[in-house]
S.K.: 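Here it is: the structure, laid out below.
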Amino acid sequence: MKRQEHHRYKNIIKQYYEGCSTADFDLMMSTFDPEIVHYFVDHSPVYGAEALANYWMKVGPKTKASWVMDHIIVQEPEAVIEWSMPWTPPSDQKRQLLRGTEWYLFKDDKITEIRSYHNNHYLQDPKNRELWGFPYEERGYAPQVSD
């Protein structure tokens with residue numbers, strides 16, 4: 001993979017982030033495949049374009065979050081980014097910065113899958129060490145370790 005500063009996927013992700021940061025439902029929807037799924041490390045996946053846009057309409061303003069893409073690497077039909085998210089945790093109201101990475105899958109220049117990885121110290125739990133609901137074994141990933 002190589003860094004591609006001017007790839008069209010960068011513009012699509014930036015548009016998605018702008019929609020999330022400004023709670024712009026239509027802007028987010030313009031970037032999504034109708035069957036999009038967003039996997040998280042700290043809660044169940046969100047399935048479907050409207051459900052995901054509604055999710056960010058609720059979460060973004062609640063946490064005063066905004067998203068910034070810091071770096072991107074593209075190998076079609078995937079893109080991998082590093083991001084920064086200034087936010088205010090509801091529990092202590094102290095503004096802080098969370099960093100993470102996301103893997104995007106595209107179909108016809110629409111986002112069809114997002115896999116988001118970050119280590120939020122407010123959500124430390126062993127079950128948050130992998131994506132919830134992600135079909136790891138079906139996709140050829142290493143099987144889960146058992147005791």
S.K.: Determine whether P77 and K107 make a side-chain contact, defined as any pair of heavy atoms from C-beta on separated by less than 4.5 Å.
M.R.: no
S.K.: If you measure from OG on S66 to CD on E18, what distance do you get to the nearest 0.5 Å?
M.R.: 9.5 Å
S.K.: What distance do T63 atom OG1 and K58 atom NZ have between them, rounded to the nearest 0.5 Å?
M.R.: 11.5 Å
S.K.: Answer yes or no: is there a side-chain heavy-atom contact under 4.5 Å between K64 and Q93?
M.R.: yes
S.K.: In the structure I gave you, are the side-chain heavy atoms of R99 and D70 within less than 4.5 Å of one another anywhere?
M.R.: yes
S.K.: Taking only residues two or more places apart in sequence or in another chain, which ones pass side chain to side chain donor-acceptor pair (under 3.5 Å) with W56?
M.R.: Y16
S.K.: Pair E50, F32 - check side-chain contact (heavy atoms from CB on, under 4.5 Å), show working.
M.R.: CA-CA 9 Å; E50 287 189 24; F32 296 158; over 6 Å; no
S.K.: Mind listing the closest non-hydrogen atom pair of H38 and S116 along with its distance?
M.R.: CE1-CB, 3.5 Å
S.K.: With a 4.5 Å cut-off on side-chain heavy atoms, are W87 and Q96 touching?
M.R.: yes
S.K.: Quick check: do I81 and Y17 have side-chain heavy atoms less than 4.5 Å from each other?
M.R.: yes
S.K.: What distance do Q75 atom CD and H7 atom NE2 have between them, rounded to the nearest 0.5 Å?
M.R.: 10.5 Å
S.K.: Roughly how far apart are I13 CD1 and W67 CH2, rounded to 0.5 Å?
M.R.: 14.5 Å
S.K.: P61 and A23: which non-hydrogen atoms are nearest, and at how many Å?
M.R.: CG-CB, 4.2 Å
S.K.: Judged by atom type as modelled, is there a donor-acceptor pair below 3.5 Å linking the side chain of D33 to the main-chain atoms of F106?
M.R.: no
S.K.: Do F40 and Y55 make the cut of ring centroids closer than 6.0 angstrom?
M.R.: yes
S.K.: Would M85 and L97 count as a side-chain contact (heavy atoms from CB on, under 4.5 Å) here? Give the steps.
M.R.: CA-CA 6 Å; M85 182 188 77; L97 185 68; 5.7 Å; no
S.K.: Transitively linked via ILVMFWY side-chain contacts under 4.5 Å: V68 with W83?
M.R.: no
S.K.: Would you say Y47 and V41 are hydrophobically clustered, going by side-chain heavy atoms of ILVMFWY under 4.5 Å?
M.R.: yes
S.K.: Given Q15 and S30, is the side chain to side chain donor-acceptor pair (under 3.5 Å) satisfied, shown in steps?
M.R.: CA-CA 9 Å; Q15 186 174 340; S30 74; 2.7 Å; yes
S.K.: Less than 4.5 Å apart, side chain to side chain, heavy atoms only: is that true for T112 and L105?
M.R.: yes
S.K.: Are the side chains of F25 and N54 in touch, meaning some heavy atoms are under 4.5 Å apart?
M.R.: yes
S.K.: Tell me whether L98 is reachable from I114 by hopping between hydrophobic residues (I, L, V, M, F, W, Y) whose side-chain heavy atoms are closer than 4.5 Å.
M.R.: yes
S.K.: I'd like to check V46 versus V37 (side-chain heavy atoms, cut-off strictly below 4.5 Å). Are they in contact?
M.R.: no
S.K.: Within a radius of less than 6.0 Å around NZ of K110, do more than 12 heavy atoms belonging to other residues, nucleotides or ligands occur?
M.R.: yes
S.K.: Would you call E76 and R8 a salt bridge, taking side-chain N to carboxylate O under 4.0 Å as the test?
M.R.: yes
S.K.: Rounded at 0.5 Å granularity, tell me how far CE in M29 sits from OG1 in T31.
M.R.: 9.0 Å
S.K.: May I ask you to decide if D26's main-chain N or O and D24's side chain share a donor-acceptor pair within less than 3.5 Å?
M.R.: yes
S.K.: Can any side-chain N or O of R115 pair as donor or acceptor with the backbone N or O of T101 at less than 3.5 Å?
M.R.: no
S.K.: Do V80 and I72 pass the side-chain contact (heavy atoms from CB on, under 4.5 Å) test, and can you show the C-alpha distance, the side-chain angles, and the key distance before you say yes or no?
M.R.: CA-CA 6 Å; V80 180; I72 185 169; over 6 Å; no
S.K.: Let's go through M28 and C20 carefully: what are the C-alpha distance in whole Å and the side-chain angles of both, what is the deciding distance for side-chain contact (heavy atoms from CB on, under 4.5 Å) to 0.1 Å, and is it a yes or a no?
M.R.: CA-CA 7 Å; M28 285 184 275; C20 292; 3.8 Å; yes
S.K.: Where do W103 and Y117 come nearest, in terms of heavy atoms and distance?
M.R.: CD1-CE1, 3.8 Å
S.K.: I'd like to know if R139 and E113 make a salt bridge, using a cut-off of under 4.0 Å between side-chain N and carboxylate O.
M.R.: yes
